[in-house]
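Below you'll find the structure, written out as structure tokens, and then a few comments.
Below, chains carry the letters A, B, ... as their sequence lines are ordered, and counting in each starts from 1.
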Number of protein chains: 2
Amino acid sequence: MRVNMGNKEIQEQRIRGYFVQATKEILKAEGLHSLSVRNIANKAGYSYATIYNYFRDVKDLVFECVKDFQEEAETFVKVQTKKSEPGIPKIKSISIAYINYFIEYPGIFELFFIEKMYNIAGKQPTIDLINTFLERLCAEEWNSMVLEKQISQKASDSAKVKLQIITTGLLLMYLHRQYPADYKQFIALAAKEIDETLDNLNLSKQSKK
Amino acid sequence: MRVNMGNKEIQEQRIRGYFVQATKEILKAEGLHSLSVRNIANKAGYSYATIYNYFRDVKDLVFECVKDFQEEAETFVKVQTKKSEPGIPKIKSISIAYINYFIEYPGIFELFFIEKMYNIAGKQPTIDLINTFLERLCAEEWNSMVLEKQISQKASDSAKVKLQIITTGLLLMYLHRQYPADYKQFIALAAKEIDETLDNLNLSKQSKK
DNA sequence: TTTGAATATTTAACAGTGTTAACTATATTT
DNA sequence: AAATATAGTTAACACTGTTAAATATTCAAA
């Protein structure tokens, strides 16, 4: 009895995984706009209505992808920032790599920041996951800087929020309003904004307030 | 003949106006999600297909509202910032008022920054209108500050871009990812970020680089 | 004023969307 | 093997945007 219950759950999770995998593939390749319950089911090898045996609705399914994409993005960022020297320089390159991940997969940016969740019930964990993602990517660096008294806890908290706001704003302006006009200009602007944000931080450490 | 051509154009513009007005009302009251070609036409007093005699598609129609909303937002901002003292303080309150307009009408934020335009052909003017809106709202203040040598042209250009990025990021995070959790926290954060952006500006004027 | 042509508007249809209920096929238990 | 519970599919509904065909309306000429 207990064993069967376990098997049942394993099988259920497996099938949920098929749908999640199909959704992820479409999201990465085509983007959010060309995602439908029918083409997800088709790719997963089931009929469209089967999805509703495993997910409350299609948004539930879509937001199940967030965790997977964050893991992917995390390794993407880690590879790209392996050689950066610790502290502020590393935080800078993490932020740039974070941005570049979403530039590579605009559909994932839309999932993370554009797609609205009505039905907030039960999705707060996912929202938190998204809102704290960049912070978590930089957490190690911030922590050791605070520990080594290179920066105050308060200043680092403030900087985390600033980075989140700036990266989100930059990505939205570029991906949805083509500002700046091309990638070269965009990434130059992004670097400039991130640099200035983090450099002003050191200044505020030297002065009193 | 010439008179009839004129009348025809007047009538055509009138009918376009009915559709635009209906779209604006739905957008302000319900938001982008509950906007459809059928309920626009219904409110305008026409059949749904009639829209296609006056607009290429529904996105064309929707983006025709941008100019009107900007005019409305401009008077909203002017009323709210009438008493601010010129210069940086006025730019701060303009930015806050700008943000508050979108908070009051999230559907208009979505139209301005979320809704994608495929069919970029012919819509570049609208994109520019959106991207330069906050800049235009503050233009007078920036100009007189540059004129009075309180700030360099370069620094003011940089600040304009920063303000655009920060306000967009703040609005997206709050409206789509409930960060911060409530309006009180949100507007406090917005004020903090705007203040710091503009205060760092003065510092960069006193120091050399 | 009545006819004929041009124009404006509507209806019908198509191909999509998400979601639910009813039906069928597959496992599981007795 | 038969009865039951579960999983999956099909059909249907109410939407969406858009186009073509049919209808109504306007307007110029006879």
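Judged by distance alone with a 3.5 Å cut-off, no donor-acceptor contact links the side chain of B/Y52 to the base of C/dA8.
Side-chain contact annotation: A/Q124 with A/D128, donor-acceptor N/O pair under 3.5 Å present. Neither side chain, A/N200 nor A/E196, offers a donor N or O lying under 3.5 Å from an acceptor on the other. If you check the side chains of A/E72 and A/Y101, you find a donor sitting under 3.5 Å from an acceptor.
Distance from the side chain of B/T50 is smallest to C/dT10 among C/dT10, D/dG17, C/dT19. Listed nucleotides D/dT18, D/dG8, D/dT19 differ in distance to B/R38; the shortest reach to its side chain belongs to D/dT18. Listed nucleotides C/dT20, D/dT19, C/dG18 differ in distance to B/Y48; the shortest reach to its side chain belongs to D/dT19. Among the nucleotides C/dT10, D/dG17, C/dG18, the one closest to any side-chain atom of B/V58 is D/dG17. Each of D/dG8, D/dT19, C/dA8 was ranked by its minimum atom distance to the side chain of A/N53; first place goes to D/dG8. Looking at the side chain of A/S36, the nearest of the listed nucleotides D/dT10, C/dT10, C/dT17 is C/dT17.
Proximity of A/S47 to the phosphate of D/dG8: no side-chain N or O atom is located under 4.0 Å from OP1 or OP2.
The separation between A/E12 atom CD and D/dG8 atom C1' is 14 Å, rounded to whole Å. Atom CD in A/E9 sits roughly 14 Å away from atom P in D/dT6 (whole-Å rounding). Taking atom CG on A/L61 and atom C1' on C/dT19, their separation rounds to 14 Å, with Å as the unit. Atom CZ in B/F19 sits about 15 Å away from atom C1' in D/dG17, given to the nearest Å. Whole-Å rounding puts the A/I10 CD1 to D/dA7 P distance at 15 Å. As a whole-Å value, the separation of B/L35 CG from D/dT16 C1' is 12 Å. Nucleotide D/dT18 holds its P atom 13 Å from the CZ atom of B/F55, rounded to whole Å. Regarding A/N39, its CG atom lies at a distance of 7 Å from the P atom of C/dT17, rounded to whole Å.
In this pair, B/H176 and B/F109 present their aromatic rings perpendicular. The plane angle is above 60°, beyond the 30 to 60° band.
Within the 4.0 angstrom heavy-atom criterion, only backbone atoms of the sugar-phosphate kind lie near B/Y54; the bases stay farther away. Here A/I51 lies out of heavy-atom contact (under 4.0 Å) with every strand. Within the nucleic acid shown, B/I15 comes within 4.0 Å of sugar-phosphate atoms alone, with no base atom in reach, counting heavy atoms only.
A/E64 pairs with exactly one of A/K123, A/K59, A/R16 by the salt bridge (Lys or Arg N to Asp or Glu O under 4.0 Å) rule, that one being A/R16.
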